[in-house]
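Below, read A as the first sequence line, B as the second, and so on, with proteins coming before strands; counting in each chain starts at 1.
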Number of protein chains: 2
Amino acid sequence: MGRRFETRAALQDAALELFADLGYEGTTTARIARRAGVSEMTLFRHFASKESLLLDDPFDPVMADAVLSRPADEPPMRALAEGIRAAWLGLDTEQVAELRVRLRIAAGATTLSGALERNSVETVTALTAALVARGVSAEGSGIAASAVIAGLSRALMDWAQGEEGGIQDAVYRALDVLGGR
Amino acid sequence: MGRRFETRAALQDAALELFADLGYEGTTTARIARRAGVSEMTLFRHFASKESLLLDDPFDPVMADAVLSRPADEPPMRALAEGIRAAWLGLDTEQVAELRVRLRIAAGATTLSGALERNSVETVTALTAALVARGVSAEGSGIAASAVIAGLSRALMDWAQGEEGGIQDAVYRALDVLGGR
DNA sequence: AGCCAGAATGTTAGTAACTAACATCCCAGC
DNA sequence: GCTGGGATGTTAGTTACTAACATTCTGGCT
């Protein structure tokens, strides 16, 4: 094995370099493939879309777990907000820097409006399941999870575009708002 | 004048009929244009995308106004949720029926994931402005507005796919969750 | 070493949403 | 009647993405 992983990484690297140079919309999938030394068809075998070259689903199981351990009487939005905080403590500076690069590219491409949320389906599903396990209705769980991820996405986009402030602060402020404070 | 409006309406009618018959993804823009008796190019002069044939921005100024008149000490998510309720009282049954048709089509098309939110940019902007006018920070306002619209969109999708329950009930339950109850 | 199965990749041809450039038409107002 | 400008048509593209089928490459077995 290995080759599969290597090609995938090569494609993602090529994509990020070109996105940075030419912008997201100025970069064609054909060119990404060429730079990775691979055919365009192969690109689409590794990534379902051009979008997913930039934004993987950032699903983090720690989030869902943390939500489960919130006090039982907490309303769903609050439980999500307080639970998610935990997962955001374990980021090292390199991860944060790369996240920022990706988000800046995403923020600059009009055709990527809503892309972050679109690529968080698995995360939303996991959070929804966590709420259901806490006894919240399936309907209410889905609504709360969608809302929190949307709010969080917006906060991250704002953070990426603004001055170099701490990502933790930005996320915490967002979660305060979403949790109803 | 008039012709411009007529073509636009003809296109939208043709689109909805075909979407209902063949599904969203099974309908090509070329075919919509043909049925409306117009060239494909003309279609794209009236609608920026295939998506927008199905989902216009449903911006309702009543919503933003209602948010403005909430008590000053209410936290942003609560103010949005409670404010928005008002705007949902004035829907007649015909509007609701058509909304349901559109949403069912949207729910059945995988490529339309997140489309409702994407087509609510103006609404989000208006709600953000309303919160800012109430003294909430620009950052927090955007986050809250994005979250509430996402939650509401999710609730509407659920409602459209489920049994024929009242839309008011569905929206009210969603707003309860979003408002932190 | 030589061979085999299956995975990874390539090639080719196509579809469909959208765009640019330029020609034409059609209606309103003089 | 004529004319100017907006609405439309035509043509020719670009780009993301897919289907079908051929080829190559790799790792394990004898």
Side-chain angles (χ1 to χ4, degrees), chain A residues 1-19 21-57 105-106 108-116 118-119 121, chain B residues 1-19 21-57 105-106 108-116 118-119 121:
Chain A
M1 76 190 94
R3 234 184 38 283
R4 168 141 219 166
F5 174 77
E6 283 165 28
T7 344
R8 198 188 146 89
L11 281 165
Q12 206 149 21
D13 290 350
L16 285 181
E17 288 167 24
L18 289 175
F19 290 162
D21 280 4
L22 316 171
Y24 178 80
E25 339 208 52
T27 307
T28 74
T29 53
R31 186 151 178 188
I32 295 171
R34 208 178 52 208
R35 170 179 279 227
V38 114
S39 86
E40 196 178 355
M41 185 71 246
T42 294
L43 184 156
F44 284 105
R45 278 195 269 251
H46 284 275
F47 296 91
S49 65
K50 184 182 175 186
E51 231 180 71
S52 58
L53 280 160
L54 183 62
L55 305 167
D56 279 339
D57 192 314
I105 294 169
T110 44
T111 54
L112 281 180
S113 160
L116 199 47
R118 235 176 295 141
N119 287 276
V121 186
Chain B
M1 74 187 103
R3 247 202 5 296
R4 166 141 220 169
F5 175 77
E6 282 164 30
T7 343
R8 196 188 148 89
L11 281 165
Q12 205 148 21
D13 290 349
L16 285 181
E17 289 166 24
L18 289 174
F19 289 162
D21 281 4
L22 316 171
Y24 178 80
E25 341 211 46
T27 306
T28 73
T29 53
R31 186 151 177 187
I32 296 171
R34 210 177 52 208
R35 171 179 281 228
V38 115
S39 87
E40 197 180 353
M41 185 70 245
T42 295
L43 185 155
F44 285 105
R45 278 196 268 249
H46 285 274
F47 295 90
S49 66
K50 185 182 175 186
E51 235 181 66
S52 59
L53 280 159
L54 182 62
L55 304 167
D56 278 340
D57 193 314
I105 294 169
T110 44
T111 54
L112 282 179
S113 161
L116 198 47
R118 265 198 303 280
N119 287 276
V121 186

Separation between CG of B/L54 and CG of B/N119, rounded to the nearest 0.5 Å: 8.5 Å
Within residues 29-41 of chain A: residues closer than 4.0 Å to DNA chain D (heavy atoms): A/T29, A/E40, A/M41
What's the [atom1]-[atom2] distance between [X] and [N], to the nearest Å?
X     : N      : atom1 : atom2 : value
B/E6  : C/dC26 : CD    : C1'   : 14 Å
A/E25 : C/dT19 : CD    : P     : 11 Å
A/L43 : C/dA8  : CG    : C1'   : 14 Å
A/F5  : C/dA8  : CZ    : P     : 14 Å
B/F47 : D/dT8  : CZ    : P     : 12 Å
B/K50 : D/dA16 : NZ    : P     : 18 Å
A/L54 : D/dA16 : CG    : C1'   : 16 Å

Minimum-distance nucleotide to B/F44 side chain [options: D/dT8, C/dT19, C/dT9]: C/dT19
Nearest to side-chain heavy atoms of B/T7, which nucleotide of C/dA16, D/dT8, C/dC18: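 Among C/dA16, D/dT8, C/dC18, the one nearest the side chain of B/T7 is D/dT8.
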Heavy-atom side-chain contact between B/H46 and B/V38 under 4.5 Å: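 When only atoms from C-beta onward are counted, B/V38 and B/H46 do not touch, as no gap falls below 4.5 Å.
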Residues which pass salt bridge (charged side-chain N to carboxylate O under 4.0 Å, His left out) with B/E17, listed by chain and number, not counting sequence neighbours: B/R35
Below 4.0 Å: OP1/OP2 of D/dA7 and any side-chain N or O of B/H46: no
Six-ring centre of B/Y24, B/K50 cation under 6.0 angstrom, axis tolerance 45°: yes
Under 3.5 Å donor-acceptor pair, B/R45 side-chain atoms to D/dG6 base atoms: no
